[in-house]
Amino acid sequence: YFEGGDGDMFIDDFSIVEVPAKPIEEDIESLSDVYAGYFRMGTALTPSDLSSKSFMALAQKHLGDSVTVGNEMKPDSVLDHEACLAYFEETGDDTTPQISFSAATPVLNYAKKNNIPVRIHTLVWHSQTPDWFFRVGYSTNYGYVSQAQMDMRMEYYIKSVMNHVYSGQYADVVYCWDVVNEYQHAQNSGWLKIYGNVTNYPSFVKKAFQYAHDTLKYFGKENSVSLFYNDFNTYIEQDDIVTMVNYINSNGKICDGVGMQSHLGTTYPSVDYYIGAMKKFLNAGFEVQITEIDVTNKGDVDMANYVYNLLSQVCALKKGGAKITGITWWGLSDQVTWIKNASPLLFSSNGNAKYAYNRAIEAYNNSGLAGGGNNNNNSGSVSTSENTIQCESMTKSGTYTGNISSPFNGVVMYANNDAVSFNKYFAYDTHDFTLRGASNCGTMARIDLVINNETKGTFYFGDQYPAEYTIK
């Protein structure tokens, strides 16, 4: 930076020196590695992120199992207005929109080079889709096209985008697509002007999934690539979403599942409310991915506790056999969050792990997944040793505590004051505690481990099938 008057200024021996990248914390566990084998742990990236070596080192270490292209695969980045106008002027055909992938190429190339799977966000969306895309001649000077004409545009657009991926160098990179995004919240959109108001039976949404599915089938990818309906506040619209996805799949499964965006806050929604929606989608037979998670909060401890409770219950469902396949954080660090004046991500603006990161690791370690437990064992058998104590032999207290013989020999507890207890002398300071349990009331069950009146941890059971969890 130079500042001077109106006279000439001369400089000599000018050089450019690269500023060393800030080193990342190497002595902490990789979040991706910890959750590997159960969830793809990923993040969203934009081309500007790629220029920071320290930022990308952090991304590869902790959230390197999946990349979502943050903005550059949305319609307003892919649709090429000038090319559409030129093609229409040359041919008179305005049913074949022209597209460009120049904006997305840097992130796609990065993912391919580093063997990181990509989820594409998004093909059909009421936002970030230019109004001219819905107009006669691709011009806002004219009215909206007919439904039949828009069907042709949408089909050509979806198939062209997917063809670009699967006929070229990215064929083995992209593993899932948000085919339709936020339809249940659509407003002031060209889609609604042409097809009508939001309903649980939208014909064009079903057609969008059919076009996407047909393309996967053409390339032999229908069994290896998933197609999602993605939305926010899915816990509020859970019944509408189930109805709509069932309608989409009414003639055969073409929508694999639901992406729960998960822009959450520690004051709302509650973890139980959120998990209740997730369970509804799972019970409907849908694959579920957490696609855009961030957590607004009142401070690091507040966020950390929420993250721990949330991921503990997600892991409990996974251990019970739930088809939850991905967790994508909507940004790597607080430096790039889209939420103003918030710190909703696992890493601080300077790239250091926050307490929520530690609690995310603890949630996995305490879930029992780390031990590779049997996700679907409902035989009721329990391993025995001198350190195994049957709950039905313990001292029972509370109004509803009692012995049961199904789904295994054990104890049932219904209320907060129900408990079982026993006395045990421990010769060493450190022990692992494993509890076998299940929940058959349709909600997440929790059992606190209390030693000498101090709560040492909590077991979570989210499925009717018995599972073993360990607190270390």
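- In this structure, the side chain of Tyr38 engages the main chain of Leu369 through a donor-acceptor pair within 3.5 Å.
- Geometrically, Arg119 engages Phe228 in a cation-pi contact, judged by NZ or CZ lying under 6.0 Å from the ring centre and within 45° of the ring axis.
- In this structure, Arg40 satisfies the cation-pi test against Tyr175, with its NZ or CZ atom closer than 6.0 Å to the six-membered ring centre and inside 45 degrees of the ring normal.
- Around atom CG of Asn188, no more than 12 heavy atoms belonging to other residues, nucleotides or ligands sit under 6.0 Å away.
- By the neighbour-count criterion of 12 heavy atoms within 6.0 Å, atom OH of Tyr218 is sparsely surrounded, having that number or fewer from other residues, nucleotides or ligands.
- Looking at Glu182 and Gln261, their side chains come closer than 4.5 Å, going by heavy atoms from C-beta outward.
- Using a 4.0 Å cut-off between charged side-chain N and carboxylate O, Lys396 and Asp418 make no salt bridge.
- Other residues, nucleotides and ligands place no more than 12 heavy atoms under 6.0 Å from the CD atom of Gln187.
- Contact check for Tyr235 versus Leu264: side-chain heavy atoms found under the 4.5 Å cut-off.
- In this structure, the side chain of Asp448 does not engage the main chain of Val450 through any donor-acceptor pair within 3.5 Å.
- Thr215 places a side-chain N or O within donor-acceptor distance of the main-chain N or O of Tyr211, the cut-off being under 3.5 Å.
- The pair Lys280-Asp239 meets the salt-bridge criterion, since a charged nitrogen lies less than 4.0 angstrom from a carboxylate oxygen.
- Aromatic ring pairs are classed by plane angle as parallel below 30°, tilted from 30° to 60° and perpendicular above 60°; the pair Tyr166 and Phe219 is tilted.
- Remark: Lys112 fails to qualify as a cation-pi partner of Tyr170 under the 6.0 Å distance and 45° angle criteria applied to the six-membered ring.
- The closest donor-acceptor contact from the side chain of Ser32 to the backbone of Gly64 lies under 3.5 Å.
- Remark: Lys206 is positioned above the aromatic ring of Tyr247, its terminal NZ or CZ atom under 6.0 angstrom from the ring centre and at most 45 degrees off the axis.
- Side-chain polar atoms of Thr291 and Asn230 form a donor-acceptor pair below 3.5 angstrom.
- Considering Tyr201, Phe209, Phe204 in turn, Phe204 is the only one that fulfils the ring pair (Phe, Tyr, Trp, His ring centres under 6.0 Å) rule with Tyr183.
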Q.
Apply side-chain hydrogen bond (donor to acceptor under 3.5 Å, both in side chains) to residues Asn181 and Tyr229 and explain how you reach the verdict.
A. CA-CA 6 Å; Asn181 191 52; Tyr229 173 73; over 6 Å; no

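- Side chains of Leu108 and Val67 form no contact here, defined as non-hydrogen atoms less than 4.5 Å apart.
- The shortest distance between side-chain heavy atoms of Tyr157 and Leu79 falls below 4.5 Å.
- Using a cut-off of 4.0 Å between Lys/Arg side-chain N and Asp/Glu carboxylate O, Asp178 and Lys74 are scored as not salt-bridged.
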